[in-house]
Structures are given as structure tokens and as C-alpha cells.
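Notes follow once the structure below has been shown.
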Amino acid sequence: KNEVEQSPQNLTAQEGEFITINCSYSVGISALHWLQQHPGGGIVSLFMLSSGKKKHGRLIATINIQEKHSSLHITASHPRDSAVYICAVRGTSGSRLTFGEGTQLTVNP
Amino acid sequence: ETGVTQSPTHLIKTRGQQVTLRCSSQSGHNTVSWYQQALGQGPQFIFQYYREEENGRGNFPPRFSGLQFPNYSSELNVNALELDDSALYLCASSLLAGGAQYFGPGTRLLVL
């Protein structure tokens, strides 16, 4: 079992829909990252959080430390949101990141 | 402020050869982490360098080695290349060893 599990693996939505991507982890963490990866490989860091909730534009990330679970929400989705969304956690000792396998999101117009 | 850059962008090698990938960290960042991302998978941690010293290593064999220079740029060297080494290699820099990481665009390596 991977230390970081994401669901769903693939997600197709219509423009305007509300989207949720989930991440569960099995280890103690000091921080959780949500990352966006476009075709071609470049990775952009969306959020780093260790508690509560963060919002940036149409993106919202939440984390529940007790349940070892985080969600990434996209409101009013748009075709340009199509990308792979990756959850990564940093353990309590050391600074290495452990990544989920990513969620491929496709938003159709 | 310049972002993280990597070179080359693409590279083709044959089995048994050696390769060096390069990463320039974001201005002011003293920590560089390297990751390998196979097709369709999430990145895997290779190692991290902090102030020119290795600061953690993932489950990769010794033929994966690295360096960090006084200007905090970094190299990833892979010896005796194998077909399974074909992947996207990402570096990420951060201001602190445990801080937010800023990723470069990656180097796509194909081993034939």
C-alpha cells in the first residue's frame, strides 16, 4: 500500500462543474502539498498546508490531520484546469516529499 | 528573481552510458531536491542537498549520485544507465530544507 493514495485516478468533468480530488496518507506529516503538472512535465506548487483550509482563486485545499486526509476543490472548473493534480506529504523527520500517483483531470468545454 | 531551471530539456542515451543533469535553483534557495518520475506515476524522491551536503536519500542505487555547488546549483549523475532509468527528472529548490519547493521544468531522459 502506498503511503499516499489519491482518488480518483482519472476525472472528467464539464466546464463549470465543482471538482473534488482526495488524498489519504498513512504516515505522520509536517506538511502536505498540492501540485499541478501540465503536459510536458512542469510542476507548479498550488498549496502547502499543515492544518485547516487555504483558498486561492477558484482553488480550495483542506486538510484533516486526525483523519489523515486532504481534499483539493476546484470551483467553476474550466478547460485550462485540465492537468494532473498531485498530492505530496513531508514526513515529521527529514524533508523528503512522498508523492501520490496523481489525478488526471480533464475538463471539457 | 529567476525560477528553477534545468538542462538539458531532453536527452537520449544508450544502456551503459553515463548522464549528467543540471539544475539551477531559485535565487536565494540553498536546498535542492531531485525526483524521478516514470511515465504515469508520481515523482519518487532521489536525494536532497542542503548547503553542499547530501541531506537525505531515497531508495535509489549508488549509481545515482549528486553534487551541489557553492552557488547552490546542483547536478544529478547516473552511471551505467538502464532502460528503466527512462523518466522525467525533476529538481526542486527551497529556501529551507523543509520549506515550500519550487520545481523546475524537468529533463526527459530516454535510455535505449
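The sequence lines fix the lettering, A, B, ..., with proteins before strands; numbering per chain opens at 1. These numbers were taken from a predicted model, which means no experiment stands behind them. Below, each value reflects all heavy atoms present in this structure, side chains not excepted, and no hydrogens, waters or symmetry copies.
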Tell me whether the count of non-hydrogen atoms from other residues, nucleotides or ligands lying under 6.0 Å of OH in B:Tyr102 goes above 12. no
Heavy atoms of other groups near B:Leu112 CG, more than 12 under 6.0 Å: yes
For B:Arg63, does the CZ atom have more than 12 heavy-atom neighbours from other residues, nucleotides or ligands under 6.0 Å away? yes
Between A:Gln37 and chain B, which part of the residue has a heavy atom less than 4.5 Å away: side chain, backbone, both or neither? side chain
Non-hydrogen atoms of B:Gly58 and A:Arg96 that approach each other most closely: CA-NH2, 3.9 Å
Flag if over 12 foreign heavy atoms under 6.0 Å of CG, B:Asn59: no
With a 4.5 angstrom heavy-atom cut-off, which part of B:Phe47 approaches chain A: side chain, backbone, both or neither? neither
Transitively linked via ILVMFWY side-chain contacts under 4.5 Å: B:Tyr49 with B:Leu95? no
Partner of B:Pro43 under side chain to side chain contact (heavy atoms under 4.5 Å, CB included), chosen from A:Leu35, A:Ile43, A:Leu97: A:Ile43
I'd like to verify something: which residue of B:Arg57, B:Gln37, B:Gln6 has the highest number of heavy-atom pairs under 4.5 Å with chain A? B:Gln37
